[in-house]
Amino acid sequence: MEFQPYPFEKLNALIKDIPQKEGRISLTIGEPQFKTPEFICQTLSQKAALLNKYPKTSGEESLKEALLGFVKRRFGIDLPCEALISTFGTREVLFNFPQFYLFDKKNKVMAYPNPFYQIYEGAAIASRAKVIHMNLTKENSFKPKLSTKEMQECDLVILNSPNNPTGSTLSLEELKKWVEWALEYDFLLLNDECYSEIYMDSKPASILEASYAAGNYSFKNILALNSISKRSSAPGLRSGFIAGDSQILKQYAQYRTYVGCASPLPLQEAARVAWSDDEHTLYSREQYAKNLQLAKEILGVEVPSSTFYVWLFVGDDLEFARNLLEKENIVILPGSFLSRENGINPGRGYVRLALVYEQEIIKDALLRIKKWL
């Protein structure tokens, strides 16, 4: 298996012959278009002088305390210090953690949802791991599944709930079942929870909560991954964490001293105040909820209760994407670019809409998309 171009590179190739016009609306990337809250920016500015110091790979204790505080407030769990590592965002973890964990495994088998965030595939290729794709389709409610034989074979299983791109969310009971399988079949279970703070009504459950519910208080074989990017409209801060099984994290922390991905101190200070505050997250969460409601009303489709994506069936996703750009000056991402052939290509026929703008922009875009459905 070779590294493939990222979905956005494929999209650029698909639309390269379409002239660019003013006023183009891009609904392709999950990058919040709201301003980063002022108090976060002020902290970053005030701490700029700390650029004269090397940051520690392990991160500052003050940031770690803020992260532990977030986990306590959000999930009701008092994590011990050794059960959490502060990271430089989550993309670097998703790429290098599988390489670390699978390094001395004999057969190296990992599973992840299909369609997927492409960094999962990159990590599998870099690890030289066999991949089991868990196809997400309408027929299985876009929920990941593995057979008993596949679970016996796996070393590492990555879940992604709330899911990008389908928006499906696993309940606490469903996550609890995955925890039980991870213990029974002895595979490491990692849930990518980067969209956990974007929700309409009920808060999505964490794999950490599910581990507690299953009586696995030490988080054996369980890890959660989260990021500040969507929560605080601050993807440039590159602040995230991995939490759970402290025995594995102890070894991973040692590995990270060689990776060279320490976060600059001014960024850590800004991230610390962002993780410590919950009030500022309300505005963007409300806007995303309103945008999803607009999609439901205008497009007449079911929308997820979490994330800001709409996974929309359009028929020929490549043709639809080109047509929408030519006719309406709106860029969207074909679902077939986000998935791989595995008996079927579960992304084919779908497009992903990232509803990351203010309502008036989203409403205008959705009304124009509706004309071509």
Side-chain angles (χ1 to χ4, degrees), residues 7 27 29-30 75 90 94 111-121 132-147 150-151 157-179 181-182 189-210 213 224-227 230-231 285 288-289 291-296 299-314 317 332-340 342-356:
L27 303 181
I29 190 169
F75 305 115
T90 53
L94 287 166
Y112 49 78
N114 183 32
F116 52 84
Y117 178 34
Q118 193 159 325
I119 206 71
Y120 306 160
E121 180 180 81
I132 299 174
H133 287 117
M134 298 184 284
N135 287 347
L136 307 182
T137 65
K138 186 176 182 180
E139 289 67 35
N140 64 19
S141 301
F142 303 108
K143 303 284 179 80
K145 292 183 179 180
L146 287 174
S147 68
E150 289 170 331
M151 286 191 281
V157 175
I158 298 178
L159 301 180
N160 176 206
S161 175
N163 181 260
N164 167 22
T166 68
S168 67
T169 302
L170 296 172
S171 68
L172 180 62
E173 281 303 310
E174 288 170 324
L175 288 170
K176 179 184 172 185
K177 194 63 186 175
W178 274 102
V179 171
W181 286 329
L189 180 64
L190 185 154
N191 190 27
D192 177 357
E193 302 178 0
C194 289
Y195 292 88
S196 72
E197 303 314 289
I198 307 300
Y199 52 85
M200 296 179 74
D201 299 309
S202 59
K203 300 176 181 180
S206 169
I207 199 70
L208 300 177
E209 294 174 284
L225 197 66
N226 215 322
S227 163
K230 302 354 178 194
R231 178 182 186 267
R285 185 180 302 128
Y288 295 136
N291 286 345
L292 286 172
Q293 186 61 33
L294 279 174
K296 182 177 182 179
L299 302 180
V301 296
E302 287 300 315
V303 296
S305 59
S306 303
T307 85
F308 43 54
Y309 295 120
V310 169
W311 188 235
L312 183 66
F313 184 76
V314 297
D317 53 315
I332 56 176
L333 193 61
S336 55
F337 292 169
L338 295 165
S339 54
R340 298 290 178 262
N342 180 28
I344 60 168
N345 183 324
R348 184 174 292 124
Y350 288 86
V351 294
R352 190 186 74 178
L353 312 179
L355 308 185
V356 292

When you look at Leu159 and Leu189, which way does the side chain to side chain contact (heavy atoms under 4.5 Å, CB included) test go after all the steps? CA-CA 7 Å; Leu159 301 180; Leu189 180 64; 3.7 Å; yes
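- Atoms NE2 and CD1, on His133 and Ile344 in that order, are 12.0 Å from each other to the nearest 0.5 Å.
- By the 4.5 Å heavy-atom criterion applied to side chains, Leu225 and Leu94 are counted as neighbours.
- Rounding to the nearest 0.5 Å gives a distance of 10.0 Å between CZ of Arg285 and OG of Ser306.
- Checked by atom type and distance alone, the side chain of Asp317 never pairs as donor or acceptor with a backbone atom of Arg348 at under 3.5 Å.
- Between the side chains of Asn345 and Ser339, at least one donor-acceptor pair of N or O atoms lies under 3.5 Å.
- No hydrogens or angles considered: nothing links the side chains of Asn163 and Tyr309 as a donor-acceptor pair under 3.5 Å.
- Few gaps surround CD on Gln293; more than 12 heavy atoms of other groups in view lie less than 6.0 Å from it.
- Nearest heavy-atom pair across Lys230 and Gly30 is NZ-O, 3.1 Å.
- Taking CG of Asn140 as the start and CG of Asn135 as the end, the distance is 8.0 Å to the nearest 0.5 Å.
- Glu193 places a side-chain N or O within donor-acceptor distance of the main-chain N or O of Ile207, the cut-off being under 3.5 Å.
- Here the straight-line distance linking atom CZ of Phe116 with atom CG of Leu136 works out to 10.5 Å at 0.5 Å rounding.
- If you look at Tyr195 and Phe308, their ring centroids are closer than 6.0 Å.
- Residues Val157 and Trp178 are in side-chain contact: their nearest non-hydrogen atoms beyond the backbone lie under 4.5 Å apart.
- Proximity of Ser206 to Asn191: side-chain heavy atoms (C-beta onward) are nowhere separated by under 4.5 Å.
- Across Pro304 and Gly167, no two heavy atoms sit closer than the pair CB-O, 3.3 Å.
- With contacts defined as side-chain heavy-atom distances shorter than 4.5 Å, the pair Pro115/Pro346 qualifies.
- For the pair Arg352/Phe337, no side-chain contact is recorded, criterion being any heavy-atom separation below 4.5 Å from C-beta on.
- Phe75 and Pro204 get closest at one heavy-atom pair: CE2-O, 4.4 Å.
- Considering only residues two or more places apart in sequence or on other chains, Glu139 meets the side chain to side chain contact (heavy atoms under 4.5 Å, CB included) condition with Thr137.
- Using a 4.5 Å heavy-atom threshold, the side chains of Met200 and Leu292 count as touching.
- For the 3.5 Å distance criterion, the side chains of Asn342 and Asn114 fail to qualify, holding no donor opposite an acceptor.
- Across all their heavy atoms, Pro7 and Gln118 have their closest contact at CD-OE1, 3.0 Å.
- Residues Leu355 and Val310 have side chains in contact (heavy-atom distance under 4.5 Å, counting atoms from C-beta outward).
- The aromatic rings of Tyr350 and Trp311 lie parallel to each other, with less than 30° between the two planes, well short of the 60° mark.
- The list of salt bridge (charged side-chain N to carboxylate O under 4.0 Å, His left out) pairs with a residue in residues 161-177, not counting sequence neighbours, reads Lys143-Glu174, Lys177-Glu180.
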Go through it in stages, so that I can follow the logic: the residues are Tyr120 and Asn160, the test is side chain to side chain contact (heavy atoms under 4.5 Å, CB included), and I'd like the CA-CA distance, side-chain angles, deciding distance and then a yes or no. CA-CA 10 Å; Tyr120 306 160; Asn160 176 206; 3.5 Å; yes
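- Taking the centre of each ring, Tyr112 and Tyr117 stay at or above the 6.0 Å mark.
- A 4.5 Å side-chain heavy-atom check between Leu299 and Leu353 finds at least one atom pair inside the cut-off.
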Could you walk me through whether Leu294 and Lys296 pass the side chain to side chain contact (heavy atoms under 4.5 Å, CB included) check? CA-CA 5 Å; Leu294 279 174; Lys296 182 177 182 179; over 6 Å; no
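- The CG atom of Leu170 sits 13.5 Å away from atom CZ of Phe142, with the distance rounded to the nearest 0.5 Å.
- Residue Cys194 comes nearest to Asn226 through the heavy atom pair CA-OD1, 3.7 Å, listed as atom of the first residue, atom of the second, then distance.
- Heavy atoms only, all atoms of each residue included: Ile29 and Val356 are closest at O-CG2, 4.1 Å.
- Note that the OG1 atom of Thr307 and the OH atom of Tyr288 stand 10.5 Å from one another [nearest 0.5 Å].
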